[in-house]
Amino acid sequence: MSAKKSLQRPKGMQDVLPEDRRYWDFVIHAATDLAQRYGFERVDVPIIEDTELFARGVGTASDVFVQKEMYTIEEPDGSSIALRPEFTAGVMRAHIQNGMSSWPQPVKIFTMGPIFRRERPQAGRFRQHSQFDAEILGETDPAADLEVMMLAMNLYRDLGYQGLTFQLNSTGCPHCRPGYLELLTAYLSTYAGKLAPIDNERLEKNPLRVLDSKEPGMDELLASAPHIVDHLCEDCAAHFADLRLMLDNMEQSYTINFRLVRGLDYYTKTVFEVWAQGIGAQAAVCGGGRYDGLAEAIGGPSIPGVGFGSGIERIVMGLKQQGIEPPESAKPIALVAHFGGATKIAAVQLCYRLREAGIGTRLAFARERRSLKSQMREANRSEVKFALIIGESELEEGFVAVRPLTGGDQARVPLSEIVDWVKNG
RNA sequence: GCGGGUAUAGUGUAGUGGUUAACACGUCUGGUUGUGGCCCAGAAGAUCGUGGGUUCAAAUCCCACUACUCGCCCCA
């Protein structure tokens, strides 16, 4: 690895080579297919939005976030735009701008593409990564929560994942969360002496975050901590109960994880993740939940929403880890070999005839005459079924020598019949 | 921003002070005029991450830097 500095890809970003690409195609096809089966429609939103849109979506800590975690671009007119660090804000913006509230309700959309966060990379976390994202906008029915949850779960099931678990919690709403935070803070304060410095800091700034602390000993320390699901308001409690009832009736198991939290105010009610076998330090293969406060937070009308995002790189890593083999990517069927000159002209023509007929074909390139051995080796490496050889004698007589690479006898086929011959072979 | 690990051809590795840095895979060429895989022969490909230091002598020891990687912070 001695590539020159300038020829290195940027930190935290990666090249997807053909060998890996088939995993991606596998995931993307499965996700698209499944989302459409659930009645979601594909949309695409820009990779860049106004920095302000994302900043508002992030709430109080936005200054730090904008500087440290977002890739921003200053425009000549002084405005600032940013590479999207998530999908939801852009999707919500698109909803408002395109008047989706007057579409048939609710609006069910999915999208996928790259997102950018200037984090320190580690296993399963990159500065550029791709997400599959699905959202239901304009619906408060917990059946919508169930729907995005099941879409996520069934995606991983379709892909062949084993050992999947739902982690589920409710994060309440602006009515009931403050009361819970008081209880939690009171509880944690009695342990202040035993908390790690980092957790004491969290206790000050964002007590919920103490719950997902990775410091040792937290299990015991939190053993009798208050759970938010025991302190929900009537509306949130009913929503949660309804969702659980549906999950139970579908015999879909889940773990209520009182330590599963979201840091931002606009998140409401349902929070969920799907966990698979760990990818480095990351167990979650998707994260999602309800964000009934987001639309207003970014300066729009009140629009309830629920959705999830799932990192494609992470899904691919999981597939490899679990030994799941995606289908082979398409290989050409034929390679056309020749000896230059007039035979090359004929070979080029044949090559395009085959391609027009829908037959994947590779042409042997050669500025001058090239040995047939070398062309045959290329055919073998390309894993084609047939080498179609046009030499001087074949050209003269209007034939093609067809050599099956998978065994069997070589044939002489009239040039006029070769397309059908390959199609049927 | 903080900590651990690593750094030798395209890839994976060997080489812990002493002549032209080794092996495997991959790539290319050839093994009689126009036939792949297996096999055989050969070739190309590395200023041993960068810079400094120790030494008669450094890929090898020391220091710094950089990059990569794993973890922490953060995680919309």
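Per chain, numbering begins at 1; letters A, B, ... match sequence-line order. FYI, side chains are in, hydrogens and waters are out, and symmetry mates aren't considered; it's all heavy atoms of this structure. From a predicted model like this one, the values you see are computed outputs, not experimental measurements.
- Salt-bridge formation is detected for the pair A:R93/A:E49: a Lys NZ or Arg NE/NH1/NH2 atom is positioned less than 4.0 Å from an Asp or Glu carboxylate oxygen.
- A:L208 places its CG atom 11 Å from the P atom of B:C75, with the value rounded to the nearest Å.
- Distance, A:E19 CD to B:G10 C1': 13 Å, rounded to whole Å.
- Comparing B:G45 with B:U6, their P atoms sit 32 Å apart, to the nearest whole Å.
- Note: CD (A:Q375) to P (B:G30) measures 11 Å, nearest angstrom.
- Using atom C1' as the reference point in both B:G3 and B:A14, the two lie 31 Å apart (nearest Å).
- Between A:E19 and A:R22 there is no salt bridge, since none of the side-chain N atoms of the basic residue sits less than 4.0 Å from a carboxylate O of the acidic one.
- Salt bridge status for A:E135 with A:K108: absent, with no side-chain N to carboxylate O gap under 4.0 Å.
- Salt-bridge formation is not detected for the pair A:E313/A:R125: no Lys NZ or Arg NE/NH1/NH2 atom is positioned less than 4.0 Å from an Asp or Glu carboxylate oxygen.
- Residue-to-nucleotide contacts include a donor-acceptor pair under 3.5 Å from the side chain of A:R125 to the base of B:C75.
- Straight-line distance from the CZ atom of A:R120 to the P atom of B:C75: 18 Å, rounded to whole Å.
- The gap from the P atom of B:G15 to that of B:C61 amounts to 12 Å, rounded to the nearest Å.
- Spacing between B:U16 and B:C56 at atom P, rounded to whole Å, works out to 23 Å.
- In this entry the distance linking CE of A:M13 with C1' of B:C68 reads 15 Å, nearest Å.
- Counting heavy atoms of neighbouring residues, nucleotides and ligands inside a 6.0 Å radius, atom CD of A:Q322 exceeds 12 of them.
- Atom pair A:K11:NZ and B:C68:C1' shows a separation of 8 Å (rounding to whole Å applied).
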B/S/- contact track for nucleotides 36-43 of chain B, protein heavy atom under 4.0 Å: BB------
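- Across the interface with RNA chain B, nearest-nucleotide mapping of A:F116 and A:G124 shows A:G124 to be the residue nearer the 5′ end.
- Nucleotides B:C48 and B:C40 place their C1' atoms 32 Å apart, quoted to the nearest Å.
- A:E273 has a carboxylate O that lies under 4.0 Å from a charged side-chain N of A:R262, or vice versa, which qualifies the two as a salt bridge.
- Remark: RNA chain B takes part in the stems B:1-7 with B:66-72, B:10-13 with B:22-25, B:27-31 with B:39-43, B:49-53 with B:61-65, each of 3 or more antiparallel Watson-Crick or G-U pairs, criterion distances under 3.5 Å.
- We find that A:R42 and A:D44 are joined by a salt bridge, their nearest charged nitrogen and carboxylate oxygen being less than 4.0 Å apart.
- One atom, CD1 of A:I389, and another, P of B:U33, lie 14 Å apart when rounded to the nearest Å.
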Under 3.5 Å donor-acceptor pairs involving side-chain atoms of residues 210-220 of chain A, not counting sequence neighbours:
unit_1 : atom_1 : unit_2 : atom_2 : d
A:D212 : OD1    : A:R209 : NH1    : 3.4
A:D212 : OD2    : A:R209 : NH1    : 2.7
A:S213 : OG     : A:D199 : OD1    : 3.1
A:S213 : OG     : A:D199 : OD2    : 2.8
A:S213 : OG     : A:E215 : N      : 3.0
A:D219 : OD1    : A:R259 : NH1    : 2.5

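- For A:W275 and A:Y156, the ring centers sit 6.0 Å or farther from each other.
- Taking the charged nitrogens against the carboxylate oxygens, A:R412 and A:E397 do have a contact shorter than 4.0 Å, which makes a salt bridge.
- Side-chain N/O atoms of A:S393 and base N/O atoms of B:G34 include a donor-acceptor pair closer than 3.5 Å.
- Taking the C1' atoms as reference points, B:C68 lies 23 Å from B:C62, given to the whole Å.
- Mapping A:N206 and A:P121 onto RNA chain B by nearest heavy atom places A:P121 closer to the 5' end of the strand.
- Remark: C1' of B:A67 and CZ of A:R9 are 12 Å apart, rounded to the nearest angstrom.
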